[in-house]
Amino acid sequence: MKLKVLAVAVLTITLGAGAASAHVGGIPGGFASGFFHPILGWDHVAAMVAVGMWGAFLGRPALWLLPILFPMVMACGAALGIAGIPLPHTETGIALSSMVLGVMILLAVRAPLWVAGIIVGLFAICHGYAHGVELPAASNPFAFALGFIISTGLLHLCGIGLGFLLGVPGGKYVVRGTGAAIAMVGTAFLAGVM
Amino acid sequence: MKGPALVSGIARVIWAGLAVVWPGAALAHGAGSTVGFMQAQQSMLDSIYSPVMLLVLVAYGILAGTSELARAKLAAVFLLAGLVVGIAASPWLSPEGAMSALILGGVCSVLSAARPANPPKFMLPALGFAVGFTATLFNLDGHPPMSLPFPVHFGVVFGPFVLAMIVTGWVGMILQARREAWVQILFRIFSSWTFAANAIYLAFQLKSAGV
């Protein structure tokens, strides 16, 4: 029962994310702008939730290793973006991240831990870079960084929460269905529909 | 085993309690206190209420708190030594001082996130010394040794030390009280967040410094 309530809450939060406005331009500010920056874009939301879900699907240690790896590598990508170091095709990488991770969940791919780590790490650089490029002049970098990281972590937790549905009867269909939806979001971004 | 752990827990509670209560009491009686006391208190607060110090000391505190108690105690001595030695070296401060402190915070976070792997024995004391040293360099902002009143130096040394000890104590106590795997994982995840915040803040600092 608790798992169902948790899953419904997570689903509501995830679906409540705004339109893809994360990349419409720089949003200077502090904690709030950092917090909402990853949340206000379907491409980011889908990928970060997918990381948590895939981790839950793979089980321990991927369950906690992927959500640890993602923000650390993402921050390095953000640093590259802030520094203005060119990194081509990041938007394609972001769209691909949703598509690939969604397919992994849909097909229940049990990749080795190191493979999962490399896949997630590569996509994390793209996500971090995109954020970093757009926010070189945040008025309060400390508050922005905190908000940015916390919201990313919470999105992973949403994914892990959804992944707990695997423990209830029929839950794996919901999880794999969500993976399909995430893959479709990624494909739509890749095709330029969204 | 339970006895020593309990005693160590109580000692940590006393440490944390003193650290929290003392500045509060000092503030309440500020009007009647000496100028030196107020300077020391203000200096303590100033030396920890900066993003760089918060990020670095919290990262170090988590690393020390997740380490063995004996190592954490030894590292605390080295941290204090670094803070004191930093006073003598303060004229050498450059803008890179803050950045090197952030890098140290990043190293601490990576080591905490990589648990249960233990870093070499010398690592934690060495990091403690380096964190203390750079913290004093950062907080004294290039002032030569003893060019500021003694209470300011006192605050610069004890502010970061007390904050680091509070974080170390709380993390250690939580891990002693709750031995479930998810608590340790929680600290690893939190360490990855502090690393990320460190890296992003460092990038902003480098950008604003024109590097």
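Atom set for the values below is all heavy atoms of this structure, side chains included, hydrogens, waters and symmetry mates excluded. By convention in this document, chain letters (A, B, ...) are assigned in the order of the sequence lines, proteins followed by strands, and residues within each chain are numbered from 1.
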Legend entry - Heavy-atom closest contact (Ala196(B) atom, Ala75(A) atom, distance): CA-CB, 3.4 Å
Legend entry - Considering all heavy atoms, the nearest Ile68(A)-Ala113(B) contact: CG2-CB, 4.1 Å
Inset, instruction - With a 4.5 angstrom heavy-atom cut-off, could you sort out which part of Leu186(B) is near chain A: side chain, backbone, both or neither? - result: neither
Within-4.5 Å side-chain heavy-atom neighbours: [X] and [Y]:
X: Pro67(A); Y: Trp193(B); value: no
X: Phe144(A); Y: Phe204(B); value: yes
X: Ile200(B); Y: His131(A); value: no

From [X] atom [atom1] to [Y] atom [atom2], the distance as rounded to the nearest 0.5 Å:
X: Ile185(B); Y: Leu63(A); atom1: CD1; atom2: CG; value: 7.0 Å
X: His156(A); Y: Ile189(B); atom1: NE2; atom2: CD1; value: 9.5 Å
X: Leu55(B); Y: Leu146(A); atom1: CG; atom2: CG; value: 6.5 Å

Legend entry - Heavy-atom contact with chain B under 4.5 Å, split by part of Ile150(A): both
Legend entry - Under 4.5 Å from any heavy atom of chain B - which part of Phe148(A): side chain
Inset, instruction - Take Trp64(A) and Ser192(B) through the test side chain to side chain contact (heavy atoms under 4.5 Å, CB included) and record every step on the way to the result. - result: CA-CA 11 Å; Trp64(A) 55 267; Ser192(B) 74; over 6 Å; no
Inset, instruction - Return the set of residues passing side-chain contact (heavy atoms from CB on, under 4.5 Å) with Ile174(B) (not counting sequence neighbours), or none when no residue passes. - result: Val183(B), Phe187(B)
Legend entry - Listed once per pair and sorted, the side chain to side chain donor-acceptor pair (under 3.5 Å) pairs that draw on residues 111-129 of chain A, sequence neighbours left out: His44(A)-His127(A), Ser97(A)-His127(A)
Legend entry - Any donor-acceptor N/O pair, Lys207(B) side chain to Ala83(A) backbone, under 3.5 Å: no
Inset, instruction - Flag yes if more than 12 heavy atoms outside Phe129(B) fall under 6.0 Å of its CZ atom; otherwise flag no. - result: yes
